[in-house]
Amino acid sequence: MKKTFKILTIIGSPHDVKSNTRALIEDFVEEISQKGLELEHEIISLGRKKIDPCRGCWNCTYERPCPINDDLTELKSKMIDCDMLILGSPVYTNQVTAQMKAFFDRLFTWCHIYPLLGKYSLSAVTTGNDGQKETAAFLEKMLATYGTMSFGSIKSMGAFTSGFFPWRNEARKKNKKLAQKVANTILEKKIPPPRKIQRSIFKVMKNKMSGIHTINCMKYGVPAGQPNPLKAKVKLINYLFRKMNISDKQIEKMAGYLPFELSWWRDRNWLGAKSLKQIMNQPVPNEFDVKKRLLQL
Ligand SMILES: Cc1cc2nc3c(=O)[nH]c(=O)nc-3n(C[C@H](O)[C@H](O)[C@H](O)COP(=O)(O)O)c2cc1C
């Protein structure tokens, strides 16, 4: 049986059907569907969901449940199950809305583990007349951080107040070509071209996780099946710790930093990887249940 392609759109607008950002995305998805792609499109407006701001307790990184009980689990589950994630936001004072930012903050651990690795994605931004570039860049960064493969950003100005979007037709025309490219790429089961930001995010993440792994190994030894830390790295860390007078207690705390994320990287055998492409081509180990791990927090 042919599988329906699932697109999930999450919009940071407080508005639902009146949202300009929703209109921009709906037009785009309609263009995609004209290429014969059988798809299901669900749109969720964060303004219609309860997503409280992060309380900064760090529970999630220690594999302890989040103290907030709201709609986040439902959204997480939908993101894990979709084939393509569209993140959209209106520009509010030069950035995404507070609702969108709260949503990202609550997905703190997701910033270190490529939870949506290999899924297609797109970002969308509407605005009166400015702020679209930085807002789109931020959404693109988050999509890359989650491991998705983005087709880029669709943006429109001339969306003055919600429901008053005189530039709408112009935006649809402008985005038609990209929509066709998206549809073809999906139908041909190809991946969008790599982006520079993906490379820099991989570097940052790999450095962070292998740094924690190294300090951990220095303190407790190398766990079976895990790579030996680089000798040069151990030497450098020892040198820095001495120079900065880092105490044993502080080292112990650093070794225990981001344990949820470290076990993710270790159990997926990512610590020896040299590129994002390499981890994308690596199969998920049989005993590693992505959804269960992501939903337990
Ligand atoms: C609180 C608030 C802040 C806004 N800030 C900006 C801004 O900095 N620059 C701008 O050009 N438009 C700004 N706008 C206009 C919205 O970005 C624009 O109307 C958008 O299309 C609304 O999208 P929505 O209907 O999906 O909520 C702002 C609107 C509101 C309500």
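Computed from heavy atoms alone, side chains included, the values below leave out hydrogens, waters and symmetry copies. Given the structure is predicted, the values throughout are model-derived calculations rather than measurements. We count ligands from 1, going down the list as the structure has it; atoms in each ligand are counted the same way.
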ask   = What residue and atom, counting heavy atoms only, is the protein's closest point to atom 2 (C) of ligand 1, and at what distance?
value = Tyr92 CD1, 3.6 Å
ask   = Are Lys291 and Asp81 within salt-bridge range, i.e. N to O under 4.0 Å?
value = yes
ask   = For ligand 1, which atoms sit closer than 4.0 Å to a heavy atom of Asn94?
value = 8 (O)
note = shortest atom 5 (N) of ligand 1-to-protein heavy-atom contact is with Thr93 N, 2.9 Å
request  = Find out whether Val284 and Leu117 are in side-chain contact, i.e. whether some heavy atom of one side chain is under 4.5 Å from a heavy atom of the other.
outcome  = no
task = Would you mind checking which non-hydrogen protein atom is closest to atom 14 (N) of ligand 1, with the distance to 0.1 Å?
result = Val91 O, 3.4 Å
request  = Return the residue, atom name and 0.1 Å-rounded distance of the protein heavy atom closest to atom 19 (O) of ligand 1.
outcome  = Ala159 O, 2.7 Å
query = Salt bridge check: are Glu261 and Lys208 linked by an N-O gap of less than 4.0 Å?
reply = no
ask   = Can you tell me which residue and heavy atom of the protein come closest to atom 22 (C) of ligand 1, and the distance to 0.1 Å?
value = Pro90 CB, 3.5 Å
note = Among Ser89, Ala124, Ser45, Ser162, closest by heavy atom to atom 25 (O) of ligand 1 is Ser162
key: Residue of the set Ile44, Leu75, Leu87 for which side chain to side chain contact (heavy atoms under 4.5 Å, CB included) holds with Leu8   = Ile44
task = Examine the proximity of ligand 1 to Phe160 and report which part, side chain or backbone, both or neither, has a heavy atom under 4.0 Å away.
result = backbone
key: Nearest-contact summary for atom 20 (C) of ligand 1 - protein heavy atom, Å   = Thr126 OG1, 3.4 Å
key: Contacting atoms of ligand 1, where contact means under 4.0 angstrom from a heavy atom of Ser13   = 24 (P), 26 (O), 27 (O)
inquiry  = Under a plain distance cut-off of 3.5 Å, with no hydrogens placed, do Ser13 and Ser45 share a side-chain donor-acceptor pair?
reply    = no
key: Heavy atom of the protein closest to atom 10 (C) of ligand 1 (residue, atom name, distance)   = Thr127 OG1, 3.1 Å
query = Cut-off 3.5 Å, side chains only: do His213 and Arg266 have a donor facing an acceptor?
reply = yes
remark   = Counting from 1 in the order shown, the ligand 1 atoms closer than 4.0 Å to a non-hydrogen atom of His15 are 27 (O)
request  = Count the heavy atoms belonging to other residues, nucleotides or ligands that lie under 6.0 Å from NZ of Lys76, then report whether that count exceeds 12.
outcome  = yes
query = Does Arg22 reach ligand 1 with a nitrogen or oxygen that is under 3.5 Å from one of the ligand's nitrogen or oxygen atoms?
reply = no
message = Less than 4.0 angstrom from a charged side-chain N to a carboxylate O is my criterion; do Glu170 and Lys173 meet it?
response = yes
request  = Find all atoms of ligand 1 within a distance of less than 4.0 Å from any non-hydrogen atom belonging to Thr21, and give their numbers and elements.
outcome  = 23 (O), 24 (P), 26 (O)
query = Do Phe104 and Trp110 make the cut of ring centroids closer than 6.0 angstrom?
reply = no
request  = Would you mind checking which non-hydrogen protein atom is closest to atom 12 (N) of ligand 1, with the distance to 0.1 Å?
outcome  = Gly128 N, 3.2 Å
Minimum heavy-atom distance between Pro90 and Gly12, given as atom pair plus value = CD-C, 4.2 Å
